[in-house]
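Notes for the one structure printed next.
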Amino acid sequence: MPKNLTVVVLAAGGGTRMKSKTMKVLHEVGGRSMIGHVLNAVRAMEPERVIAVVGTQREQVGPHIQQLVPEAILAVQETQDGTGHAVRVAIEAVSERLEGTVVVVTGDTPLLRGDSLRAFAEEHEAAERAVSILSGIVPNPFGYGRIVRNKEGDVEAIVEEKDATPLQRDIGEINSGILAFDAEFLIEALTKIGNNNANGEFYLTDTVGIARDAGLTVGAYAIDDVSQTEGANDRAQLAALGRELNRRIVTQWMKDGVTVMDPETTWIDADVVLNRDVTILPGTQLLGATVIGEDAVVGPDTTLKDCEIGQGARVVRTHGELAVIGDEANVGPFSYLRPGTNLGARGKIGAFVETKNAQIGDGSKVPHLTYVGDAEIGEGTNIGAGTIFANYDGTNKHRTKIGDRTKTGANNTFVAPIEIGDDASTGGGTTVRRDVPDGALAVSAGPQRNLERWKERRAAVRDEPPASED
Ligand code: UD1
Ligand code: CA
């Protein structure tokens with residue numbers, strides 16, 4: 001890896017085509033901001049220093065960058081006077097004089113990979129150039145700076161779309177926006193660039209012509225996988241890059257031993273971790289920092305965000321966030337796992353069950369139509385159908401604690417705070433307002449009364465003539 005490497009990340013431009021309150025580089029694909037993906041690739045190069053140039057909405061972008069790369073230096077570009085100006089601002093933000101290699105990247109290329117950046121920087125150093133351009137051959141070069149070469153094939157200049165002649169516009173080799181410089185040359189060259197062009201901006205790309213005029217070496221290194229350098233300028237491009245990123249992530253997981261029945265409807269964020277022989281059924285989104293254990297089956301139609309699913313577990317048609325599901329456990333269909341749900345090994349959370357801050361022990365089951373909030377349930381316990389853990393008194397939340405091997409009846413209400421012991425039982429329709437000791441049966445419904453011949457008696461009442469109104 002290059003010694004004394006500085007990476008400059010350009011993120012001061014507005015991104016007006018997003019038509020958004022949120023700065024362009026903060027828009028997310030694959031569960032991470034676009035600049036988050038870029039910073040990840042940058043970090044893989046292990047640079048000496050990272051300088052991020054912020055400007056437009058820097059109160060949003062600055063803290064985000066500092067959170068992801070705490071050691072990054074933030075350089076503020078007050079007015080967006082062009083990429084050359086932005087890099088000058090970056091250099092001025094560092095007290096010492098830069099030496100070695102400076103790599104410039106833009107903040108909006110979410111598919112960029114660390115190994116590609118690394119290969120580019122290494123090639124730049126090996127060739128001992130003043131400037132190297134990461135170029136690409138694209139079918140539609142509109143909007144990009146074109147790489148102009150002479151008859152010998154040497155790079156002469158980068159010409160921007162608006163400044164290009166019709167002949168130059170036909171050139172298919174473009175500047176990705178990622179460049180590598182010899183630091184000493186860059187510092188010198190930035191003092192020489194002007195803004196006499198169609199945009200009235202200081203172009204970083206003008207350094208190429210300056211190097212050529214000084215007889216220094218310039219080269220372009222074409223990347224095979226051009227989508228790595230593609231930026232998203234509007235929401236349609238954002239969606240297209242998001243789909244491509246997802247396709248790559250899903251393909252990689254399949255190569256690593258995961259069965260994905262329908263890659264088209266499966267969405268997996270960049271930070272998700274899957275284990276061998278996981279099966280993902282159609283319509284599934286695995287988001288955030290979700291981890292799925294070996295042999296687990298997830299889906300169809302399931303969304304899990306920041307969840308941890310144990311080995312061999314099954315999660316069917318479920319929506320979950322910040323939940324932990326034990327090995328061989330069963331969830332769904334139609335379960336809603338809210339934050340703090342923790343289901344033990346071989347446990348069950350069944351159909352139309354909502355859980356929140358709920359510790360449910362190994363082998364315990366909450367099979368049907370139930371709300372479990374702020375609860376701790378022991379091992380081997382079964383909660384009857386249609387049970388409500390009444391955790392909220394209108395002001396405060398309270399906890400329910402249920403022991404091991406307890407069987408509660410259908411249609412119960414547990415009015416928290418309450419404790420039900422081990423090996424306890426409750427009758428159907430019980431409203432539990434007082435603690436239930438170990439081994440006890442709690443019943444609260446009154447004794448049943450049968451009104452004999454009810455149907456017959458009611459019919460007789462109806463046949464009577466209306467009461468006279470005197
Ligand atoms: C730039 C390149 C072009 C290349 C293209 C690749 C120049 C002059 N042109 O054009 O050759 O093909 O990228 O996408 O460099 N930025 C700042 N401050 C500024 C201006 C821009 O930080 O004053 C940042 C933007 O936020 C963005 C990046 O620099 O991340 C590129 O700027 P942009 O205006 O998009 O340049 P392009 O016209 O696309
Ligand atoms: Ca651009």
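Remember, it's 1-based here, ligands and their atoms both numbered in the order they're listed.
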Can you tell me if [X] contacts ligand 1 (heavy atom of the residue under 4.0 Å from the ligand)?
X    : value
T205 : yes
G82  : yes
D81  : yes

For [X], is the [atom1] atom crowded, meaning more than 12 foreign heavy atoms sit under 6.0 Å from it?
X    : atom1 : result
N396 : CG    : yes
K348 : NZ    : yes
Q60  : CD    : yes

Do [X] and ligand 1 have an N or O pair less than 3.5 Å apart?
X    : result
L10  : yes
G13  : yes
N175 : yes
A12  : yes
A86  : no
T83  : yes

Under 4.0 Å from any heavy atom of G145, which atoms of ligand 1 are there? 3 (C), 4 (C), 11 (O), 12 (O)
Check each atom of ligand 1 against the heavy atoms of S176 and keep those under 4.0 Å away; list them by number with element. 6 (C), 14 (O)
Looking only at non-hydrogen atoms, which of K162, R146, E160, E230 approaches atom 2 (C) of ligand 1 most closely? E160
Considering Q77, E161, E201 one by one, which has a heavy atom nearer to atom 17 (C) of ligand 1 than any of the others? Q77
Give a yes or no answer on whether the side chain of D362 reaches the backbone of A345 with a donor-acceptor pair at less than 3.5 Å. yes
Let me see the working for Q168 and D163 under side chain to side chain contact (heavy atoms under 4.5 Å, CB included), right down to the final yes or no. CA-CA 9 Å; Q168 288 171 333; D163 305 299; over 6 Å; no
NZ/NE/NH1/NH2 to OD/OE distance under 4.0 Å, E78 and R58: yes
What do the steps show when you test F389 against Y371 for ring pair (Phe, Tyr, Trp, His ring centres under 6.0 Å), and what is the final call? CA-CA 6 Å; F389 286 58; Y371 171 63; 7.7 Å; no
Run the numbers on I383 and I360 for side chain to side chain contact (heavy atoms under 4.5 Å, CB included), then give the verdict. CA-CA 10 Å; I383 303 299; I360 303 169; over 6 Å; no
Is there a side-chain contact between T290 and D269, using heavy atoms and a 4.5 Å cut-off? no
